[in-house]
Visitor: 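If you scroll down you'll find the structure; I have some questions about it.
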Protein chains: 2
Amino acid sequence: MFNRMQNQIPWWHGRFRGGGYRLTVARQAILNVLGKSDKHLSAEDIYLAVHKVYPAIGLTTVYRTLELLVQMKMVFKFDFGDKRARYELAEGVQGTKHHHHLVCSACGRIINYTDFIDKEIELLNQTEKGLQEKFNFKITNHIIQFYGLCDKCQKNG
Amino acid sequence: MFNRMQNQIPWWHGRFRGGGYRLTVARQAILNVLGKSDKHLSAEDIYLAVHKVYPAIGLTTVYRTLELLVQMKMVFKFDFGDKRARYELAEGVQGTKHHHHLVCSACGRIINYTDFIDKEIELLNQTEKGLQEKFNFKITNHIIQFYGLCDKCQKNG
DNA sequence: ATTGAATATGAAAACCATTATCAATAACGG
DNA sequence: CCGTTATTGATAATGGTTTTCATATTCAAT
Ligand SMILES: [Mn+2]
Ligand SMILES: [Mn+2]
Ligand SMILES: [Zn+2]
Ligand SMILES: [Zn+2]
């Protein structure tokens, strides 16, 4: 359909081959979009961005690829209360740092924050340990989101 | 369609009348279901429970009522990663205590926990204050969820 | 208790993000 | 280059939620 990308071997090459997955054009295109963006993209956002470069890649493949990337733990999937899932490269990948989110209930703006994270993590570890013991529940990850009004929406509200 | 419930004036009477809303049979039935359950019910769960007593009340009304109750801050709406929204009486209402959630990724079980909450709240207040200043973001509420495997699913997994 | 205006409801259709189907295509070891 | 098999794209289907609109209910004023 089109020639393989001319890039040097990308950092994610091994992740795919090691997992027994093929390194396809669609998957690379989707990872490129995610890697270039600092936003929290929906499947359609990603589809449209990919579409500009590879018009033949369909929305179905975007969904399937995102599902795979989430399963491979290369991508986080979020629900911020609008009706669509949102995706973001996982921490560690592309130098992304662990962070939590502020979500504006009015305009949907999403802010990453890394401040206070250290103390939060400390408490989380403590809490996770306690919960693990009390409920014998093996915690694998957590979601922390603050909802409210961003600066603009406070003025306009 | 059917006679008004014979209950004494319920605690939520004032909340409705004060907001300019009518105190209908459907709304009371739905609040009764929520008040009696300690689970995290979906719209359909609530519809089925209501249906046993008032078969004429439709699913649409359940959705509309839940939307209203969330807007009135009498009910919390959650997304636990299954495909449906889940509802729970808000803290303070019916003596409900503020709590966070453990969600089993395998079987979907949801556990409320109130332990560690005090320390969490303390840190949250601190964090919220900091975020408020740094981003001029007015925080109204937060979501904290831990995902993992419950005791049963660890054995069976 | 009756009335009437405004709100709330139910049945059905519409919506829309996500998934399933399936024939065609591309990736890659040999 | 070939053959096997994973992957893809177009399309249809799914399913929770929302919209529509005619009818019923609530409740303040009679
Ligand atoms: Mn983020
Ligand atoms: Mn709960
Ligand atoms: Zn905003
Ligand atoms: Zn479980």
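Reminder, nothing fancy here: chain letters follow the sequence lines and each chain counts from 1.
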Visitor: Any ion pair linking Arg86(A) and Asp45(A) (charged N to carboxylate O, less than 4.0 Å)?
Guide: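 Salt bridge: yes.
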Visitor: Give the rounded distance in Å between these two atoms: CD of Glu44(A) and P of dT18(C).
Guide: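 From Glu44(A) CD to dT18(C) P: 9 Å.
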Visitor: Give a yes/no on whether any side-chain N or O of Thr24(A) is located under 4.0 angstrom from OP1 or OP2 of dT8(D).
Guide: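 So the side-chain polar atoms of Thr24(A) do come within 4.0 Å of the phosphate oxygens OP1 or OP2 of dT8(D), strictly under.
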Visitor: Measure CZ/Arg27(A) against C1'/dT7(D) and give the value in whole Å, please.
Guide: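 It is 6 Å, rounded to the nearest whole Å.
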Visitor: Please report, rounded to the nearest Å, how far the C1' atom of dA17(C) is from the CG atom of Leu41(A).
Guide: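 That distance rounds to 16 Å.
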Visitor: Write down the distance between CG (Asp82(A)) and C1' (dC15(C)), rounded to a whole number of angstrom.
Guide: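 Atom CG in Asp82(A) sits about 16 Å away from atom C1' in dC15(C).
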Visitor: Once you round it to whole Å, what is the distance between P of dT18(C) and OH of Tyr47(A)?
Guide: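 Rounded to the whole Å, the gap is 15 Å.
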Visitor: What class does the angle between the rings of Phe78(B) and Phe80(B) fall in, given that below 30° is parallel, 30 to 60° is tilted and above 60° is perpendicular?
Guide: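 Rings of Phe78(B) and Phe80(B): parallel, under 30°.
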Visitor: Please determine whether a side-chain nitrogen or oxygen atom of Lys83(A) lies at a distance below 4.0 Å from atom OP1 or OP2 of dG16(D).
Guide: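 Indeed not, no polar side-chain atom of Lys83(A) lies that close.
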Visitor: Name all residues meeting the salt bridge (Lys or Arg N to Asp or Glu O under 4.0 Å) criterion together with Asp79(B); count only those two or more places apart in sequence or in a different chain, and write none if there are none.
Guide: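 Scan of Asp79(B) (salt bridge (Lys or Arg N to Asp or Glu O under 4.0 Å), adjacent residues dropped) gives none.
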Visitor: Can you identify which nucleotide, out of dT8(D), dA17(C), dA8(C), has its nearest atom closest to the Arg84(A) side chain?
Guide: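 Nearest to the side-chain atoms of Arg84(A), counting from C-beta on, is dA17(C).
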Visitor: Do His40(A) and Glu88(A) have side-chain atoms, one donor and one acceptor, less than 3.5 Å apart?
Guide: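 A pair is found: one side chain offers a donor N or O, the other an acceptor, under 3.5 Å apart.
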Visitor: Could you give the OH-to-C1' distance, from Tyr54(A) to dT7(D), as a whole number of Å?
Guide: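 Rounded to whole Å, this separation is 16 Å.
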Visitor: Check Tyr87(A) against Leu34(A) and note the closest heavy-atom contact, atom names and distance.
Guide: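 Tyr87(A) and Leu34(A) have their closest heavy atoms at O-CD2, 4.1 Å.
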Visitor: Could you walk me through whether Leu31(A) and Met74(A) pass the side-chain contact (heavy atoms from CB on, under 4.5 Å) test, one step at a time?
Guide: CA-CA 9 Å; Leu31(A) 273 169; Met74(A) 294 173 66; 4.1 Å; yes
Visitor: Take atom CZ of Arg86(B) and atom C1' of dG16(D), then tell me their distance rounded to the nearest Å.
Guide: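 Whole-Å distance recorded here is 12 Å.
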Visitor: Between residues 60-76 of chain A and DNA chain D, which residues have a heavy-atom gap below 4.0 Å?
Guide: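 Here the set is Thr60(A), Thr61(A), Arg64(A).
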Visitor: Leu59(A) or Arg17(B): which one's nearest nucleotide on DNA chain D is closer to the 5' end?
Guide: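 The 5'-side residue here is Leu59(A).
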Visitor: What integer distance in Å separates Gln28(B):CD from dT9(C):C1'?
Guide: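 Going from Gln28(B) (CD) to dT9(C) (C1'), I get 15 Å.
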Visitor: Looking only at heavy atoms, what is the nearest atom pair of Cys104(A) and Leu149(A), with distance?
Guide: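 Result for this residue pair: SG-CA, 4.0 Å.
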Visitor: With a non-hydrogen cut-off below 4.0 angstrom, is Arg22(B) in contact with a base, only sugar-phosphate, or nothing?
Guide: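 Answer is base: heavy atoms of Arg22(B) come under 4.0 Å of a base.
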